[in-house]
Amino acid sequence: MGVSHSRVLHRSLRETPPKAVGGDGVWLIAEDGRRVLDGSGGAAVSCLGHQHPRVIEAVSRQASKLAYAHTGFFSSEPAEALADHLVGDEPGGLAYAYFVSGGSEAIEASIKLARQYFIESGQPQRQRFIARRQSYHGNTLGALSAGGNAWRRESFAPLLSPTFSHVTPAFAYHEKHDGESDADFVARLAAELEAEFQRLGPDTVAAFMAEPVVGATAGCVSPPEGYFRAVRDICNRHGALLILDEVMCGMGRTGTLHACEQEGVSPDLMALAKGLGGGYAPIGALVMQDKIFDAIADGSGAFQHSHTYMGHPLACAAALAVQRIMRRDNLLANVRSQGAHLARRLKERFGNHPFVGDVRGRGLFQGIELVADRGSKEPFDAKLRLHARVKREAMARGLLVYPMGGSADGIRGDHVLIAPPFIIEGAAIDTIVERLGEAIDAATAQTQ
Ligand SMILES: Cc1ncc(COP(=O)(O)O)c(C=O)c1O
């Protein structure tokens, strides 16, 4: 049963999406001229909005000078300048950057670099990785093995590496017991992680991997106070690395450049993507502490990994322009103030909504979780695909948000992620909330 409109294998093989032909700040423009308000920056990508003239100019300038030179032979001006912009010289800080083409590649590189670090520092037995259920680290096989989201893993389970195991996520709405304090919840999660280290043998664990604020699979879940300090301590005690996946929550999205700054921890390795290049070019990065770099520099002298397009000059030029504009225009301040406005408006609109169980998030990274019953937190039947209905109803009202299923347990549950560009103003936020409210009302009405 072929569908003939398009030769592209789209996300749905049954439906060809409309063509986007233009962009204008927080708006996307479809081929029929319709303007769609980008309430989620795609998937928390477009942090500067669309068609920012300074970024376009930087990419064209680089394209007119040099589009590509293979990294086996050359470095490039934009790659060097971007690394200088992202990492610094502070002792024990993040000191080096490895540029790839997206989030999954950054995660793959983090797994391999952690492994190689331990081989070269005389601990080859460290080959286990601990991650969390309900996490998303990407769709390549290594990243999918690390991820803990049931429906994404299911079909590919026989291909996934058993070297990854998964512990309970710091997801208070679903995992915190009634009457349990945050401190007790953190202590319970820390005890579980410690027990997992003991089960595996603490000196076999290479790293613990987590998203500081969980994005796509759970809908903007921030950790309870003290959680990341507790897991950092456990990693330190056992000599394992802490890998933070800031692909979605990083680069300013939560109101600080890195989400982990709000947790008071710094990782050994951190994966970045999405907001790094803001969608102007495909780019991801793995940034690392100098001890990782030094071990390999003093050992074999080369990270045994590479991709043809790593450190691509156009991608690095785009990301450098995005990051310079963010700093020059002090956009983090706007993320914090408009993020507070967005959180307030969402709570006003959905705080007492019969089908919204939770409104949560940080900065311009907010999520709402839809439930059939607020008291019991019972999700909607997964077969209803409520998240897909919300997406459709929102698009019909000229709003792009990022709804997803599986929020409760990896199969059931629906949430909507709202992550607009950092340039957004109050009036556009009000429009997002208004249109989203109508879309959710229409979508939930279809299920009754
Ligand atoms: C936390 C996280 N890690 C990794 C990835 C994978 O990134 P990409 O889709 O660029 O490969 C994503 C994508 O949504 C993500 O949200």
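Numbering of ligands and ligand atoms starts at 1, following listing order.
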Aromatic contact, F380 with F355 (centres under 6.0 Å): yes

Contact atoms of ligand 1, heavy-atom distance to D245 under 4.0 Å: 1 (C), 2 (C), 3 (N), 4 (C)

Candidate with minimal heavy-atom separation from atom 7 (O) of ligand 1, of G103, A44, A143, A210: G103

Test item, E246 contacting ligand 1 (heavy atom, 4.0 angstrom): no

For atom 9 (O) of ligand 1, closest protein heavy-atom neighbour: S104 OG, 4.4 Å

Selected option - heavy-atom contact closest to atom 5 (C) of ligand 1, from I283, L272, V247: V247

Distance-only donor-acceptor check, side chains R232 and N236, under 3.5 Å: yes

Taking every non-hydrogen atom, the tightest pair across T254 and C249: CG2-O, 3.5 Å

E211 contact mode with ligand 1 (heavy-atom cut-off under 4.0 Å): side chain

Ligand 1 atoms in contact with K274 (distance to a heavy atom under 4.0 Å): 12 (C), 13 (C), 14 (O), 16 (O)

Side chain to side chain donor-acceptor pair (under 3.5 Å) pairs, two or more places apart, involving residues 315-334: H85-R327

Mutual orientation of the aromatic rings belonging to H70 and Y68 [parallel < 30°, tilted 30-60°, perpendicular > 60°]: perpendicular

Within-4.5 Å side-chain heavy-atom neighbours: I111 and R115: no

Closest protein heavy atom to atom 16 (O) of ligand 1, given as residue, atom name and distance to 0.1 Å: M248 CB, 3.5 Å

Candidate pair H307 and Y309, rule ring pair (Phe, Tyr, Trp, His ring centres under 6.0 Å), full reasoning: CA-CA 5 Å; H307 294 287; Y309 293 125; 9.6 Å; no

Contacting atoms of ligand 1, where contact means under 4.0 angstrom from a heavy atom of Y136: 1 (C), 2 (C), 3 (N), 5 (C), 12 (C), 13 (C), 14 (O), 15 (C), 16 (O)

